[in-house]
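Reminder, nothing fancy here: chain letters follow the sequence lines and each chain counts from 1.
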Amino acid sequence: MNFVEQEVENDMAAGRTPEGVITRFPPEPNGYLHIGHAKAIWVDFGIAEKFGGRCNLRFDDTNPAKESQEFVDSIKDDIRWLGYDWQGHEYYASDYFEALYGFAVQLIEKGLAYVCDLSAEETRSYRGTPHEPGKNSPNRDRSTTENLALFKSMRDGEFPDGACTLRAKIDMAHANLNMRDPVLYRIARAHHHRTGDAWCIYPMYDFAHGQSDAIEGVTHSLCSLEFENHRPLYEWFLEHIDGIGSPRQIEFARLNLTYTITSKRKLQELVEKGYVTGWDDPRMPTIRGLRKRGYTPDAIRNMCAAAGLTKFNALHDMHLLENALREDLNKRADRRMAVLDPLKVVITNLAEDEAIECEAVNNPEAEGEGTSRTLHLTREIWIEQEDFREDAPSKFFRLKANGDVRLRYGYVIHCDEIIKDDAGNVVELRCTYDPESGGGKTPEGKKKVKGIIHWVSARDAVDAEVRLYDHLFKEPQPGTGGRTIEEDLNPDSIQVVQGAKLEPALSAAAAGTQVQFERLGYFVRTDDEDIVFNRAVSLRDSWAKFEQKG
RNA sequence: UCCCCUGUGGUGUAAUUGGUAACACAGCUGUUUUUGGUACAGUCAUUUCAGGUUCAAGUCCUGGCGGGGGAACCA
């Protein structure tokens with residue numbers, strides 16, 4: 001049990017949650033969700049679920065200049081894709097604008113808020129620094145009557161944008177800068193995607209969030225670490241506004257992954273400068289990107305669980321995410337054969353019109369009865385260039401000159417002849433197959449063949465485009481150590497392979513179908529009209545590791 | 001320099017709340033295998049440091065050191 005669950009359990013035991021546990025996921029509709037949000041969603045929805053409560057979806061739409069309906073829609077779509085349901089509890093901070101206004105009036109009446117005429121710049125300089133106390137606003141002691149009238153005029157649009165603000169009257173010398181008379185309302189004539197032009201004053205985050213939580217009966221308001229310094233203010237409002245609930249804010253560390261950035265601003269830069277094709281580029285850490293890449297909701301959720309929930313600002317290894325995907329897809333993805341870099345092999349003891357049926361299991365790891373399909377071994381087949389070496393070390397278990405290798409789900413072939421072009425490149429192999437070696441059997445008196453390679457019948461193959469993705473960045477911590485994120489971009493983050501040879505069944509796969517290309521990795525069919533597959537993640541490859549070490 | 005938070009293997013997370021460091025990922029070494037995949041096994045930590053309390057400290061106390069956050073009319 002993590003520390004948040006522990007706290008929730010304590011609160012339940014202490015009778016502080018008579019209506020059950022209620023959390024909320026509070027995105028600002030000003031961008032697309034990314035892997036970091038996925039963790040927050042996992043936390044907010046997951047904890048509510050664990051304790052039999054519910055999680056509200058609340059859009060924190062208090063800054064109309066940056067927000068839009070488009071983002072509201074995409075966010076809802078992404079949450080649903082991740083497998084979470086807010087059960088109709090869809091709210092907006094803007095639903096509470098009138099209530100919030102009332103709370104502000106209440107604070108003014110109690111002498112706890114005032115209208116301040118300082119400009120944005122002056123407000124900043126009056127705030128002081130962590131080392132020096134701030135200075136009181138010259139308007140700090142306005143009368144309640146005057147403040148009430150002024151605040152009403154703000155709402156009625158009698159002042160230009162930025163002319164004044166409503167501020168809480170707390171303590172300009174407070175050690176926590178957030179408590180130095182924070183701004184509650186600012187004047188901004190921006191068209192709001194939900195309230196239109198009904199308002200020209202908008203509440204700040206601090207004034208809206210806790211009160212929105214309270215209005216909804218939220219018991220546990222879980223947020224990231226950067227709001228720790230805001231908690232005293234969160235609690236100050238709840239304490240000084242009458243007749244409002246008392247949600248509890250608990251902060252946790254956000255998700256950081258190696259080779260990844262989650263800064264909205266930096267991601268936007270990648271999109272704008274064309275380093276990626278868009279927010280849904282399969283290399284992007286956005287939910288939409290991961291989805292196109294071939295990730296599954298389960299993999300993402302399991303990764304969150306594996307990473308855990310703490311207050312320590314950790315940096316998780318990207319392997320954690322990749323491993324979660326492999327683990328998930330190992331069980332559910334059907335296996336297929338695909339040759340990305342084809343080398344023609346002619347099986348000379350097979351006639352032109354001959355085709356030997358080979359049974360291939362769809363997924364040896366699937367639970368229950370495994371289904372299978374029939375492949376045809378024909379005279380001409382494709383194998384991977386990489387799986388043949390004329391001259392190879394003894395550890396190389398694949399096909400060599402005069403050597404043997406087993407064709408997966410097929411037969412053992414022997415390489416009799418190597419055909420090269422004028423430049424000396426191997427363009428074709430002439431092999432013979434051993435009719436006695438079907439079904440994985442080793443004929444009496446023959447040595448067992450260790451190497452097994454994948455292949456595709458040239459007669460049956462369909463051509464396809466395959467996109468091989470790798471980390472977007474070449475550095476574990478992009479943009480640190482004095483480098484820019486641009487400098488850290490991995491130039492080989494995408495490799496497009498044309499003319500890959502796929503086994504025929506793949507042409508019928510629906511968009512979004514996840515498969516394992518045997519010995520290569522997990523791939524997903526894209527929604528392109530042509531046959532295109534994206535590589536989500538490669539398989540573990542101990543041979544490649546061995547070779548790298550030299 | 002002021003306030004808040006945080007420090008357990010390469011990376012993260014756990015430890016019945018004081019009882020002798022567990023799990024995952026990564027690495028390495030093997031076994032099994034019609035995927036050099038999967039699965040399985042082995043290996044990898046004197047818990048940031050210095051004191052203190054105690055029969056006993058990762059857990060408690062004192063002090064130091066390291067890391068993160070904080071001065072938007074953003075969220």
Quiz item: Taking the side chain as C-beta and beyond, is there a heavy-atom pair between A:I35 and A:M303 under 4.5 Å?
Solution: yes
Quiz item: Roughly, in whole Å, what's the span from CZ in A:R180 to P in B:A72?
Solution: 11 Å
Quiz item: Could a donor-acceptor pair under 3.5 angstrom be found where the side chain of A:R326 meets the base of B:G37?
Solution: no
Quiz item: Of the nucleotides B:A72, B:G12, B:U33, which one has an atom closest to the side chain of A:K450?
Solution: B:U33
Practice problem: Find out whether the Lys NZ or Arg CZ of A:R194 is both under 6.0 angstrom from the six-membered ring centre of A:Y92 and within 45° of the ring's axis. | Solution: yes
Practice problem: Would you tell me if any nitrogen or oxygen in the side chain of A:T62 comes within less than 4.0 Å of OP1 or OP2 on B:A75? | Solution: yes
Self-check item: Shortest non-hydrogen contact from A:P443 toward A:E436
Solution: CG-CB, 3.5 Å
Self-check item: Nearest-angstrom distance from the residue atom CZ of A:R408 to P of B:U34
Solution: 9 Å
Quiz item: So, do A:D213 and A:R58 sit near enough that their side-chain heavy atoms are less than 4.5 Å apart?
Solution: yes
Exercise. When you get a sec, tell me which of B:G36, B:C73, B:C2 is the closest nucleotide to the side chain of A:T123?
Key: B:C73
Quiz item: Is the A:Y234-A:H230 ring centre distance short of 6.0 angstrom?
Solution: no
Quiz item: NA contact type, A:A306, heavy-atom cut-off 4.0 Å: base, sugar-phosphate, or nothing?
Solution: nothing
Self-check item: Nearest-neighbour nucleotide for the A:Q6 side chain, B:G12, B:G37, B:U17 considered
Solution: B:U17
Exercise. Give a yes or no on whether a donor-acceptor pair under 3.5 Å exists between the nucleobase atoms of B:G70, that is its base, and the side chain of A:E228.
Key: no
Exercise. Could you tell me whether A:F59 and A:F25 have their ring centroids closer than 6.0 angstrom?
Key: no
Quiz prompt | Length of the CZ-P vector between A:F312 and B:G69, whole Å | solution = 12 Å
Quiz item: Is there a stack between A:W543 and B:G36, judged by ring centres under 5.5 Å and planes under 30°?
Solution: yes
Quiz item: For B:U17, does the glycosidic angle fall within 90° of 0 (syn) or outside that (anti)?
Solution: syn
Quiz item: How long is the line joining CG of A:D317 and P of B:U13, in whole Å?
Solution: 13 Å
Exercise. Considering non-hydrogen atoms only, spot the tightest contact between A:L502 and A:A338 and give its length.
Key: CD1-CB, 3.8 Å
Quiz item: Toward the 5' end of RNA chain B, which comes first, A:S119 or A:G410, by nearest nucleotide?
Solution: A:G410
Quiz item: Which nucleotide in the list B:U34, B:G36, B:A75 gets nearest to the side chain of A:H230?
Solution: B:A75
Practice problem: Whole angstrom is fine here: how far is it from CG in A:D328 over to C1' in B:G37? | Solution: 16 Å
Exercise. Have a look at A:F227 and say if it touches a base, only the backbone sugar-phosphate, or nothing, with a 4.0 Å heavy-atom cut-off.
Key: base
Quiz item: How are the rings of A:Y259 and A:H471 set to each other: parallel, tilted or perpendicular (split at 30° and 60°)?
Solution: parallel
Quiz item: Of all the choices, B:U35, B:U13, B:A75, which nucleotide is nearest to the side chain of A:P364 once you look at every atom?
Solution: B:U35
Self-check item: Gap between atoms OH and P, on A:Y185 and B:C73 respectively (whole Å)
Solution: 16 Å
Quiz item: Taking OP1 and OP2 of B:G36, is either one under 4.0 Å from a side-chain nitrogen or oxygen of A:R519?
Solution: yes
Quiz item: Phosphate oxygens OP1/OP2 of B:G37: is one of them under 4.0 Å from a side-chain N or O of A:S542?
Solution: yes
Self-check item: Atom-pair distance (CZ on A:F3; P on B:U8), nearest Å
Solution: 15 Å
Quiz item: Can you find a side chain N or O atom of A:R127 that sits less than 4.0 Å from OP1 or OP2 on B:C73?
Solution: yes
Practice problem: Kindly say if A:K545 contacts the phosphate of B:A26, meaning a side-chain N or O under 4.0 Å from OP1 or OP2. | Solution: no
Practice problem: Can you tell me the distance, in whole Å, between the CD atom of A:E7 and the P atom of B:C5? | Solution: 13 Å
Quiz item: Nearest of B:C25, B:A75, B:C73 to any side-chain atom of A:E28?
Solution: B:A75
Quiz item: Can you tell which of B:A71, B:C74, B:U13 lies closest to the side chain of A:M204?
Solution: B:C74
Practice problem: Can you figure out which of B:A14, B:G37, B:C4 approaches the side chain of A:N2 most closely? | Solution: B:A14
Practice problem: Compare the ring of A:F397 with the six-membered ring in the base of B:G36 and state whether they stack (centres under 5.5 Å, planes under 30°). | Solution: yes
Quiz prompt | Residue-phosphate contact under 4.0 Å: A:R186 side-chain N/O, B:A75 OP1/OP2 | solution = yes
Quiz item: Quick one: stems for RNA chain B, with Watson-Crick or G-U pairs under 3.5 Å, at least three in a row?
Solution: B:2-7 with B:65-70, B:10-13 with B:22-25, B:27-31 with B:39-43, B:48-52 with B:60-64
Self-check item: Phosphate-side-chain proximity, A:N323 and B:A26, N/O vs OP1/OP2 below 4.0 Å
Solution: yes
Practice problem: May I ask you to decide if the ring planes of A:W279 and A:Y32 are parallel, tilted or perpendicular, using 30° and 60° as cut-offs? | Solution: tilted
